[in-house]
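To start, the structure under review is shown below, and the notes come after it.
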Amino acid sequence: QVQLVESGGGMVPAGGSLRLSCKASGLTFNTYTVGWFRQAPGSEREFVAAIKRYSSSTYYSNSVKGRFTMSRDNAKSTAYLQMNDLKAEDTAVYYCAADQNLITSSIGMVSQYDYWGQGIQVTVSS
């Protein structure tokens, strides 16, 4: 069955960096668009970044643009989220998600992703 497993979370001071990984299994990874989302306590899950299948074009929310970079290694079936200059407001549970049939206009929509990881905590101390 399809599994997405996040790793690399933790606690860092404001201004620090973390790199999240999303390891996929049970699917043909290069045929899937992968997204990162996050959810803070009391808030809805929100889009962070995505990387498309085949073209590896990347998309970012305005709140992380210029600070976060998403990439993928299809040979390792893994997607990454490099997070720099972290801020207290980046504190959340981060989820990776994958879908095979996304169109660009839907890339930031939670409801459009078929598969989800279990989430990983990122805490930024101010």
Would the F47 and F37 ring centres measure less than 6.0 Å apart? yes

Consider only side-chain N and O atoms of T58 and K52, and report whether a donor and an acceptor are under 3.5 Å apart. no

Exercise: do T91 and E89 side chains pair donor with acceptor under 3.5 Å: no

Verify the cluster assignment for Y80 and V12: are they in a single hydrophobic cluster under the rule of side-chain heavy atoms below 4.5 Å apart? no

Residues in salt bridge (charged side-chain N to carboxylate O under 4.0 Å, His left out) contact with D99, at least two apart in sequence or another chain: none

Which heavy-atom pair separates [X] from [Y] by the least distance, and what is that distance?
| X | Y | answer |
| --- | --- | --- |
| A79 | W36 | O-CZ2, 4.2 Å |
| G35 | Y113 | N-CE2, 3.7 Å |
| Q121 | A92 | NE2-O, 3.5 Å |

May I ask you to test the [X]-[Y] pair for a side-chain heavy-atom distance under 4.5 Å?
| X | Y | answer |
| --- | --- | --- |
| L20 | I120 | yes |
| E46 | Q39 | no |
| D90 | R38 | yes |
| L81 | M83 | yes |
| Y60 | V48 | no |

Once rounded to the nearest 0.5 Å, what's the spacing between atom [atom1] of [X] and atom [atom2] of [Y]?
| X | Y | atom1 | atom2 | value |
| --- | --- | --- | --- | --- |
| L4 | F29 | CG | CZ | 8.5 Å |
| E6 | C96 | CD | SG | 4.0 Å |
| L18 | N84 | CG | CG | 9.5 Å |
| Q82 | M70 | CD | CE | 13.0 Å |
| L86 | S126 | CG | OG | 12.5 Å |
| T69 | I51 | OG1 | CD1 | 10.5 Å |

Sub-3.5 Å donor-acceptor pair from the side chain of S111 to the main-chain atoms of M109, do we have one? no

Distance under 6.0 Å and angle within 45° of ring axis: R45 vs Y95: yes

Scan for side chain to side chain donor-acceptor pair (under 3.5 Å) pairs involving residues 21-35, sequence neighbours excluded, and state none if there are none. T31-Q100

Would you call the rings of Y94 and F68 parallel, tilted or perpendicular, where under 30° means parallel and over 60° means perpendicular? tilted

Run the side chain to side chain contact (heavy atoms under 4.5 Å, CB included) test on V34 and R72 for me, step by step, so that the C-alpha distance in whole Å, both residues' side-chain angles and the decisive distance to 0.1 Å come before the verdict. CA-CA 9 Å; V34 181; R72 65 191 299 160; 4.2 Å; yes

